[in-house]
Amino acid sequence: MIKHVFFDLDHTLWNFEKNSAMAFDKLLMKHSININLNEFLFHYIPLNLKYWELYRHEKVTQETLRYGRLKDTFDLLNYKIDDETIDLLSKEYIHYLPQFNHLFEGAIEVLDYLKPNYKLHIITNGFQEVQVRKMKNSGIDVYFQTITNSEMAGVKKPNPKIFEFALSAANAQKENSIMIGDCIDADVNGAINFGIDAIHFNEHSIEIPSHIKQVNYLLELKKYL
């Protein structure tokens with residue numbers, strides 16, 4: 001029945017945390033910010049996830065997300081830094097991030113496996129300017145027929161309207177589509193509540209409801225597709 005496979009990008013195909021760490025390593029050195037990278041990331045990673053959850057649910061703007069996750073991190077580290085520098089860092093981070101393009105293990109192999117038999121698509125809440133460069137620079141843009149982001153849809157996952165927008169762009173139907181992503185709230189429950197099947201990319205093997213399909217490695221998708 002499945003003809004269309006929709007993927008999330010960050011944390012699903014594109015190894016966000018690894019690439020983000022490399023971008024921050026470059027930024028901290030460039031600006032002579034004397035903070036240990038691991039200590040910085042220890043605070044930044046959960047703050048970034050918190051801000052993205054707020055952003056998904058329309059509680060903060062894109063600008064607040066980009067500024068707040070850095071400001072809060074420096075505050076927790078008791079590192080004095082002015083707002084102008086934080087704004088500069090937030091802009092340069094977006095510039096450098098797509099320059100590092102590690103994918104999850106098995107990403108290319110599973111896309112090669114799926115492409116002959118399915119039409120592949122992306123649904124992402126990420127910023128359009130960055131997501132396009134990530135896909136192009138990592139060489140995976142050639143696999144996908146459509147890319148839907150929250151800016152063009154006007155809403156973010158898990159809002160059903162972004163799934164409706166993506167299916168319309170792909171000329172797909174609910175019954176012949178499936179969503180694959182790392183976020184239970186945005187990707188999995190968002191898709192299921194909209195009426196399409198979903199698979200959770202459960203990289204960290206967290207406990208999830210037993211009725212949800214899951215894989216811990218991308219190549220395990222061959223079990224379902």
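Since this is a predicted model, take the numbers as computed values, not measurements.
Between F40 and F74, the gap from one ring centroid to the other is short of 6.0 Å. Aromatic pair W14/F201: ring centres not closer than 6.0 Å.
Judged by distance alone, the side chain of R69 and the main-chain N or O of K50 form no donor-acceptor pair under 3.5 Å. Listed for the N15 side chain is no donor-acceptor partner under 3.5 Å among the backbone atoms of F104. Judged purely by atom type and a 3.5 angstrom limit, Y113 uses its side chain to pair as donor or acceptor with the backbone of L225. Side chain of S90 to main chain of D87: a donor-acceptor pair is present (N/O by atom type, distance under 3.5 Å, no hydrogens or angles). Although no hydrogens or angles enter the test, the distance criterion places a donor-acceptor pair under 3.5 Å between the side chain of N19 and the main chain of H102. Listed for the N48 side chain is no donor-acceptor partner under 3.5 Å among the backbone atoms of Y44. Between the side chain of T12 and the main chain of D182, a donor-acceptor pair closer than 3.5 Å is present. Of the possible donor and acceptor atoms, none in the side chain of Q214 sits under 3.5 Å from a partner among the backbone N and O of N202.
To the nearest 0.5 Å, atom CD of residue Q145 and atom CG of residue N171 are 10.0 Å apart. From D72, atom CG reaches atom CG of L47 across 5.5 Å, with rounding to the nearest 0.5 Å. Atom OG1 of T146 sits about 4.5 Å away from atom NE2 of H121, to the nearest 0.5 Å.
Under the 4.5 Å side-chain heavy-atom criterion for grouping Ile, Leu, Val, Met, Phe, Trp and Tyr, L218 is not connected to M179 through any hydrophobic cluster. Grouping the Ile, Leu, Val, Met, Phe, Trp and Tyr side chains by contacts below 4.5 angstrom, directly or via other members, places Y67 with L27.
The cationic group of R66 lies under 6.0 Å from the six-membered ring centre of F127 and within 45° of the ring axis, placing it in a cation-pi geometry.
Here the shortest heavy-atom pairing between M1 and N176 reads O-CB, 3.1 Å. Here the shortest heavy-atom pairing between S205 and N216 reads OG-ND2, 3.3 Å. Contact record, L41 with P46: O-CD, 4.1 Å, taken as the closest heavy-atom pair. Closest approach of R133 to E129, counting heavy atoms only: CD-O, 3.5 Å. The two atoms that bring L28 and I35 nearest to each other are CD1-O, 4.0 Å, heavy atoms only. K134 and N101 get closest at one heavy-atom pair: O-OD1, 3.3 Å.
Looking at S150 and N125, their side chains never bring a donor and an acceptor atom within 3.5 Å of each other.
Side-chain contact between E58 and K156 is present, with heavy atoms from C-beta onward closer than 4.5 Å. A heavy-atom distance below 4.5 Å is found between the side chains of I140 and I108. Side chains of N159 and F165 form no contact here, defined as non-hydrogen atoms less than 4.5 Å apart. Contact check for L89 versus I81: side-chain heavy atoms found under the 4.5 Å cut-off. Within the 4.5 Å cutoff, the side chain of I184 has heavy atoms near those of the H200 side chain. Residues I122 and Q131 form no side-chain contact, since every pair of their non-hydrogen atoms from C-beta on lies 4.5 Å or further apart. When side chains are defined from C-beta on, L167 counts as touching S177, because their heavy atoms get closer than 4.5 Å. Counting heavy atoms from C-beta on, the side chains of F100 and N137 never come closer than 4.5 Å.
The 12-atom threshold is exceeded at OH of Y224, counting heavy atoms of other residues, nucleotides or ligands nearer than 6.0 Å.
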### Query
Does the side chain to side chain donor-acceptor pair (under 3.5 Å) test come out yes or no for Y55 and T64, once each step is laid out?
CA-CA 9 Å; Y55 181 68; T64 300; over 6 Å; no
### Query
Yes or no on side chain to side chain donor-acceptor pair (under 3.5 Å) for T73 and H43, after CA distance, side-chain angles and deciding distance?
CA-CA 6 Å; T73 300; H43 295 292; over 6 Å; no
### Task
Give the C-alpha distance, both sets of side-chain angles, the deciding distance and a yes or no for side chain to side chain contact (heavy atoms under 4.5 Å, CB included) between T124 and F7.
CA-CA 8 Å; T124 174; F7 278 94; over 6 Å; no
### Task
In sequence, state the C-alpha distance, the side-chain angles, and the governing distance for I196 and H4, and then conclude on side chain to side chain contact (heavy atoms under 4.5 Å, CB included).
CA-CA 11 Å; I196 64 176; H4 297 268; over 6 Å; no
### Message
Does C183 form a side chain to side chain contact (heavy atoms under 4.5 Å, CB included) with R56? I'd like the steps, not just the answer.
### Response
CA-CA 11 Å; C183 182; R56 279 200 305 271; 3.9 Å; yes
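Below 30°, between 30° and 60°, or above 60°: for F16 and H11 the angle between ring planes is between 30° and 60°, a tilted geometry. A parallel orientation is assigned to the rings of F194 and F163, their planes being inclined by less than 30° (bins at 30° and 60°).
Classification of K71 and D75 as a salt-bridged pair holds, one side-chain N sitting under 4.0 Å from a carboxylate O.
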